[in-house]
Amino acid sequence: MTHTVRVEEYVREDGSNPYRRWFESLPAQAAAKVAAAVYRLGLGNTSNVKWFAGIGERIVDWGPGYRVYLAKEGAALILLLGGGTKRRQRSDVERAVALRAEYKARKASTRRARPDGRR
């Protein structure tokens, strides 16, 4: 049984959105395939996600082998960090790991700034 989770795109402190920038560069058919995969993530279906180095990689088996990089934040949130293809996998993974670290650091500094844990 699956349960729904919130799927959000990570927005950096400067307002840029690595996932959205990548997604909007995709051809229409590829974007539809990726959107379907992300929709399934929102239904809680993470069975096709390979987890390593604190991030997940969801392969979309179509075209050049699209990948969606994500992080899981508890049981209720999936954070979309970016995407890419098999060809650029190594650099895309490094970028996703760095973005996750950036997210964690920002979250920790927010908690330190507000002792009650609220934002």
Side-chain angles (χ1 to χ4, degrees):
M1 171 133 180
T2 61
H3 62 284
T4 59
V5 296
R6 224 171 58 242
V7 176
E8 294 181 3
E9 298 169 12
Y10 176 56
V11 177
R12 301 182 77 189
E13 200 164 21
D14 66 4
S16 65
N17 181 328
Y19 174 81
R20 178 63 38 193
R21 184 175 53 241
W22 170 75
F23 182 81
E24 289 177 350
S25 74
L26 295 174
Q29 196 171 9
K33 299 280 187 183
V34 169
V38 169
Y39 175 76
R40 288 195 279 290
L41 290 171
L43 294 176
N45 183 350
T46 57
S47 63
N48 291 332
V49 176
K50 178 181 173 187
W51 297 97
F52 56 92
I55 64 165
E57 177 185 67
R58 170 61 165 89
I59 297 173
V60 178
D61 192 18
W62 188 83
Y66 293 101
R67 272 98 167 111
V68 175
Y69 297 100
L70 55 116
K72 199 163 184 179
E73 189 64 26
L77 173 64
I78 290 177
L79 193 65
L80 301 175
L81 299 170
T85 61
K86 175 68 175 163
R87 173 177 280 172
R88 293 183 33 89
Q89 185 177 20
R90 176 169 285 141
S91 62
D92 292 336
V93 165
E94 289 170 0
R95 180 163 170 75
V97 168
L99 288 170
R100 179 182 176 269
E102 178 183 290
Y103 166 77
K104 290 287 196 183
R106 282 177 58 198
K107 186 176 174 184
S109 71
T110 301
R111 281 197 187 123
R112 283 192 298 274
R114 300 216 29 183
D116 62 2
R118 293 182 1 210
R119 293 183 189 198

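Computed from heavy atoms alone, side chains included, the values below leave out hydrogens, waters and symmetry copies.
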**Any residue meeting salt bridge (charged side-chain N to carboxylate O under 4.0 Å, His left out) with Arg21, in chain and number order, not counting sequence neighbours** = none
**Distance in Å, Trp22 CH2 paired with Arg88 CZ, rounded so as to fall on 0.5 Å steps** = 11.5 Å
**Message:** Please enumerate all residues that pass side-chain hydrogen bond (donor to acceptor under 3.5 Å, both in side chains) together with Ser25, with sequence neighbours excluded.
**Reply:** none
**Item:** Approximate separation, where rounding is to 0.5 Å, of Arg58 CZ and Trp51 CH2
**Value:** 12.0 Å
**Message:** On a heavy-atom basis, which atom in Arg12 and which in Leu99 lie closest, and how many Å separate them?
**Reply:** NE-CD2, 3.6 Å
**Fill in**
Note: Val7 and Gly42 closest approach over all heavy atoms is CG2-CA, 3.5 Å
**Request:** State which residues pass side-chain contact (heavy atoms from CB on, under 4.5 Å) with Ala35; sequence neighbours excluded, sorted by chain then number.
**Result:** Phe23
**Request:** With rounding to the nearest 0.5 Å, note down the distance linking CG in Asp92 to OH in Tyr66.
**Result:** 12.5 Å
**Complete:** side-chain contact (heavy atoms from CB on, under 4.5 Å) filter on Ser47, not counting sequence neighbours, yields Asn45
**Prompt:** Does one hydrophobic cluster hold both Val38 and Trp62, with members joined at side-chain heavy-atom distances below 4.5 Å?
**Reply:** yes
Tell me which donor-acceptor pairs under 3.5 Å the side chains of residues 67-82 have, and how far apart each pair is, sequence neighbours excluded?
{"residue": "Arg67", "atom": "NH1", "partner": "Gly65", "partner atom": "O", "Å": "2.9"}
{"residue": "Tyr69", "atom": "OH", "partner": "Glu57", "partner atom": "OE2", "Å": "2.9"}
{"residue": "Glu73", "atom": "OE1", "partner": "Lys104", "partner atom": "NZ", "Å": "3.2"}
{"residue": "Glu73", "atom": "OE2", "partner": "Lys107", "partner atom": "NZ", "Å": "2.1"}

**Atom CD of Glu13: over 12 foreign heavy atoms under 6.0 Å** = no
**Message:** In this structure, would Val49 and Phe52 fall into the same cluster of hydrophobic residues linked by side-chain contacts under 4.5 Å?
**Reply:** no
**Complete:** Residue set satisfying side-chain hydrogen bond (donor to acceptor under 3.5 Å, both in side chains) with Ser16, at least two apart, ordered chain then number -> Asp14
**Asked** If you group Ile, Leu, Val, Met, Phe, Trp and Tyr by side-chain heavy-atom gaps below 4.5 Å, do Tyr10 and Val97 land in one group?
**Response** yes
